[in-house]
Number of protein chains: 2
Amino acid sequence: VDREIVIALTRKMLVDQPEKLTAVGVSFGGPVDFDRGGVRLSHHVPGWEEFPLRDALQSEFGVPTMVDNDANAGALGEWKYGAGQGCKSLLYMTVSTGVGGGWIINGEVYRGAQGMAGEIGHTIVDPNGPLCVCGRRGCVEVLACGPAIARRARERLEAEPNGGKILRELMLGDPSNVTAELVSRAAVNGDTLAEEVLVGAAADLGSGIGNALSLMNPQRVVLGGGVIKAGATYLAAVQRAAQGNTLPEIRAGIVAAALEDDAPLWGAVALAEGLMG
Amino acid sequence: VDREIVIALTRKMLVDQPEKLTAVGVSFGGPVDFDRGGVRLSHHVPGWEEFPLRDALQSEFGVPTMVDNDANAGALGEWKYGAGQGCKSLLYMTVSTGVGGGWIINGEVYRGAQGMAGEIGHTIVDPNGPLCVCGRRGCVEVLACGPAIARRARERLEAEPNGGKILRELMLGDPSNVTAELVSRAAVNGDTLAEEVLVGAAADLGSGIGNALSLMNPQRVVLGGGVIKAGATYLAAVQRAAQGNTLPEIRAGIVAAALEDDAPLWGAVALAEGLMG
C-alpha cells in the first residue's frame, strides 16, 4: 500500500467518525525513531524511508500524535489491555514472518539507547545454525519464525522420502506450498515429522527466551503473532525449553497474547490515551 | 569469615569513627532478596542462609540500612561515580571467578521479578560447549570466567606439547598453577597460545554481550572484575565479538570499570546516600 493512500484512508476514516478527534496513536510495522516520531523505513513497502509520520499526522489532523513500532505497541497493548495486565516487567514477542520483541520495564515501554531494544529475534542461540539475513548464524528468527518452520519442514521432507505423509497430502505435491500454518495443521492431525519440526522450532524459540529470562528476569513473557496459534504442544515446548535454558530460581509466566493480532492496535490506543492525559 | 565476626568488625569500625552514623549500605557477595533486605546465601561461606542482614544491621546500629548483591551494587557504583555516569541504561558485568551482571534502567537499578536480573553469566552462547555447574552447556561463565580461562589454557597445553613456551615457564612445571592472571601475563609477554586462549574467552564473553545488546540496547556496558585487567587486546576482542554478534544499528560503548574492584563498595555508598534523602 502506498504511503499517500494510507494517509488518505486515515483522513477519510477520521473525518467520517462522529466523535471529536483528540489524539492519534500509531503502531507502525517497521523501525521507528520514537523520540522524533519518524519512521526509519518499512522492510516490506518502499516510500517510508525517514518519513516524519508523527509530524505529518499532527499537521494533518491538528491533534497530538504518537508513533511506535508494532512490537513496542504490542507490548503496551498486552500490558494495558491483555495478558500482561498488572505486570511490572514484561517481554512481548511476535512470532510470524519475523521474530520481534518489545519490553515493558517498571510499567512503561523500554526502548533502549538507539530505540532498538527487544531484538530477541536476532539474539543467537546456535552459532553453528543456518545463516540469517541479519548476517549471523543461528539467531532466533532464522530458526523459529514462520518461514523458518516451513524451511525446516521442507528440508525434513527432502531428507526423509517416507516421512510426513499428512503434510505431503496437505501440500498438494508442491513443497513450495508448505507454510508454518500447514505444518501445524499436519501436526494437529498426527503427522510426526510435522510435529517434530514444530517442537524443534519451539525449542529454539524457548532457548532465546531462556537467555532473556536469565538476563532480565521479567515477570511475564507474552507471545503473539501467527505462529503462536500452532497450539498447546507448541506452547508447551516453548515453555519447557525456556525454563530449561535459565536458572531454576528464575520463573516467568510464558503465555499466549490475549489480544492476538490486535495487540499492536490496542497499543496504539494506549499511546493515544497517554496523550489525552 | 564467620558472620558474627563480620558484624563485630563492622560494629567496631562504625563505633570508632568520629562522624555520626546516619545510614548503612551493604554490597553482599551473593544472592540477596532486596525487598526484604535478606541474604539468600553465600556461595562461598556457610552460615549466611536466609539471614535477615538489613534488619540485623538496623537494630544493631539504629539507622536505616539497604542491602544489595555485589553485581547490582557494582552497577550502581559505576553509574553514580564511575564509567557509567550520565547513562540512562547500563549493563555492569563482573568477570572473575564467576560472571555476574547488574542493570541500570532509566536511572535506577533494575532487579527483575525474582531479583535475579543480570544473570548474563548463565546465558548460553554455545549449546555444545562445556558443562557448567549451573547444569547447562556453553553459558558465558563456563567459557569466559577466570577459572574457565585457566581450564582452556591447560587443555591447550595438554593438546599442544610444543606450544605455550612462556606460559609453561610461568607455571613452574605444574599445570595446576595456571590462572587467568598467569595466562594474561604470558600473553602480554608474547605467548601465542596464551593470547589465543585469552582472545577465545573474550570472544565468548563478547557473544553473550552481543545478545544482551540485541535484547536491551543499553547505552553502555561497563566491565569490572579481575579478568578485565588482562589488557587492551582482551578488551578489543570483547568489543569486536559483541559488535559482531548484534545488529549494526545497535551501538554501545563497552568500557572497563573506572572504580575497578571498588565499584560494589561505591554502590553501597550510593545505597546509603539514597537513604539519607
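No hydrogens, no waters, no symmetry mates; every other heavy atom, side chains included, goes into these values. Note on naming: letters A, B, ... go to the chains in the order of the sequence lines (proteins, then strands), and numbering restarts at 1 for each one.
Arg111(B) and Asp35(B) are not joined by a salt bridge, as no carboxylate oxygen comes within less than 4.0 angstrom of a charged side-chain nitrogen.
Comparing Leu91(B), Ile105(B), Thr123(B) by heavy-atom pairs within less than 4.5 Å of chain A, the highest count is held by Thr123(B). Here Ile124(A) is the residue among Ile124(A), Ile250(A), Val125(A) with the most heavy-atom pairs under 4.5 Å with chain B. Options Met116(B), Gln219(B), Gln114(B) differ in how many heavy-atom pairs under 4.5 Å they form with chain A, and the most are formed by Gln114(B). Ranked by heavy-atom pairs under 4.5 Å with chain A, the first of Gly135(B), Pro218(B), Ser89(B), Gly118(B) is Gly118(B). Counting heavy-atom pairs closer than 4.5 Å to chain A, the top residue among Glu108(B), Glu119(B), Arg220(B) is Glu119(B). Note on Lys88(B), Arg137(B), Glu249(B): by heavy-atom pairs under 4.5 Å with chain A, the leading option is Glu249(B). The most heavy-atom pairs under 4.5 Å with chain A, out of Asp126(B), Asn128(B), Asn211(B), come from Asn211(B).
Heavy atoms of Ser207(A) lying under 4.5 Å from chain B are absent altogether. In this structure, no portion of Arg40(A) lies under 4.5 Å from any heavy atom of chain B.
Judged purely by atom type and a 3.5 angstrom limit, Glu50(B) has no side-chain atom pairing as donor or acceptor with the backbone of Gly38(B). Counting only distance, with no hydrogens or angles, the side chain of Gln243(A) and the backbone of Arg251(A) share no donor-acceptor pair below 3.5 Å. Judged by distance alone, with hydrogens and angles left aside, the side-chain atoms of Glu78(A) form no donor-acceptor pair with the main-chain N or O of Ala257(A) at under 3.5 Å. Of the possible polar contacts, one joining the Glu49(A) side chain to the Gly47(A) backbone as a donor-acceptor pair under 3.5 Å is found. Under the 3.5 Å distance criterion, the side-chain polar atoms of Trp79(B) are left unmatched by any main-chain donor or acceptor of Trp103(B).
Of all heavy-atom pairs between Ile120(B) and Ala212(B), the closest is CD1-CB, 4.0 Å.
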